[in-house]
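These notes concern the structure reproduced below.
Both backbone and side-chain heavy atoms feed into the values below; hydrogens, waters and symmetry mates do not. Just so you know, ligand 1 is whichever comes first in the structure, and atom 1 is the first atom listed for that ligand.
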Amino acid sequence: MRERWTIMVHGGARTIPPAAEAAHRAGCLAAVEAGAAVLEAGGSAIAAVVAAIREMEDDPTFNAGRGAVRNRDGDVELDAAIMDGRTLDVGAVAGLRGYANPIDVAAALLRDNAVLLVGAGADAFAAEIGAVRSGPPLAAPAGAVGCDTVGCVAYDQHGGLASGLSTGGLEGVRPGRVGDTPIAGAGFYAEAAVGAAAFSGDGEAIARLALAGRLMHRLPQLGAARAAALAIGQMGRVGGEAGCIVLDASGTPSFAHNSDHFAVGSARQGEGPRAFLHQNEFHQ
Ligand code: GLY
């Protein structure tokens, strides 16, 4: 039997100024449409996550790929990850420099024994697979109103679940700093018969709480909406902003955040796409 596919993307948990609202909604919709086209054609959740995240990496509205923020030295270091809920395979890179679509590099590592490559090792792997180099200008102008990590969770017609993230990290941080994005169980997780989750926000806080792991543990009992809200509620223990998008085992979507805004796009087979800047819009 064919399952009813679902896709949800996020463009970061941050305050979005009124002038940037339309761009965030449009960017989320474009990403959902790219992923939905894959799912509608019978493609895998993994392929849909890659298609959606690529779209957001190419859109300078978001802090990933082209729009990535700079670190303290003015350099751009990129992190990305993807997880296959069927096999529990993970591909992730951290501190990648000079590549247009880090999600492609993470996806190429998915069936490799290594789950995470960093720095020069990540760059060498990207070169080895012929990943597309980014042309200048690579980063958003210094001081630009950044957003945060982009992410995607997807459920395909064959029951496959996947989760992925891509980010430029946080602006002005120490070179070599890595947040939650490439760490399974911190920023993301996917497991068939449980669900999939992808976070955005203050990476140190999310990593300290192992927030994706906590959410997954509660998901079967609580369902997507309550598990998401409970995970975000945990942020009060360490402080900071976060948002998460979640699918349960049959693709029911939800999201939660404690930031002023959280740019999200969503579609299900026969429904959507829609974009939201706050969870109140989703639950109306
Ligand atoms: N959530 C992205 C980061 O902190 O790097």
Every pair of nitrogen or oxygen atoms between ligand 1 and the protein that is under 3.5 angstrom apart - can you list them with their distances to 0.1 Å?
residue: ligand 1; atom: 1 (N); partner: T149; partner atom: OG1; Å: 3.0
residue: ligand 1; atom: 1 (N); partner: D180; partner atom: OD1; Å: 2.8
residue: ligand 1; atom: 1 (N); partner: G201; partner atom: O; Å: 2.7
residue: ligand 1; atom: 4 (O); partner: R177; partner atom: NH2; Å: 2.8
residue: ligand 1; atom: 4 (O); partner: G201; partner atom: O; Å: 3.3
residue: ligand 1; atom: 4 (O); partner: G203; partner atom: N; Å: 2.9
residue: ligand 1; atom: 5 (O); partner: R177; partner atom: NH1; Å: 2.6
residue: ligand 1; atom: 5 (O); partner: R177; partner atom: NH2; Å: 3.4

What donor-acceptor contacts under 3.5 angstrom involve side-chain atoms of residues 175-194, with partners at least two apart or in another chain?
residue: R177; atom: NE; partner: E204; partner atom: OE2; Å: 2.7
residue: R177; atom: NH2; partner: E204; partner atom: OE1; Å: 2.8
residue: R177; atom: NH2; partner: E204; partner atom: OE2; Å: 3.3

Discussion item. Is the distance from the ring center of H10 to that of F199 below 6.0 Å?
Written reply: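 Centroid separation for H10 and F199: 6.0 Å or greater.
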Worksheet item: If we ignore angles and hydrogens, is there a donor and acceptor under 3.5 Å between the side chains of T149 and T167?
Response: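 Yes, because at least one side-chain N or O of T149 sits under 3.5 Å from a partner of the opposite role on T167.
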Worksheet item: Which residue pairs pass the salt bridge (charged side-chain N to carboxylate O under 4.0 Å, His left out) test when at least one of the two sits in residues 99-109, sequence neighbours left out?
Response: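 Matches after skipping sequence neighbours: R54-D104.
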Kindly list each side-chain donor-acceptor pair under 3.5 angstrom involving residues 29-39, sequence neighbours excluded, with atom names and distances?
none

Worksheet item: Do the side chains of C244 and I232 get nearer than 4.5 Å, heavy atoms only?
Response: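 SC-SC contact between I232 and C244 confirmed.
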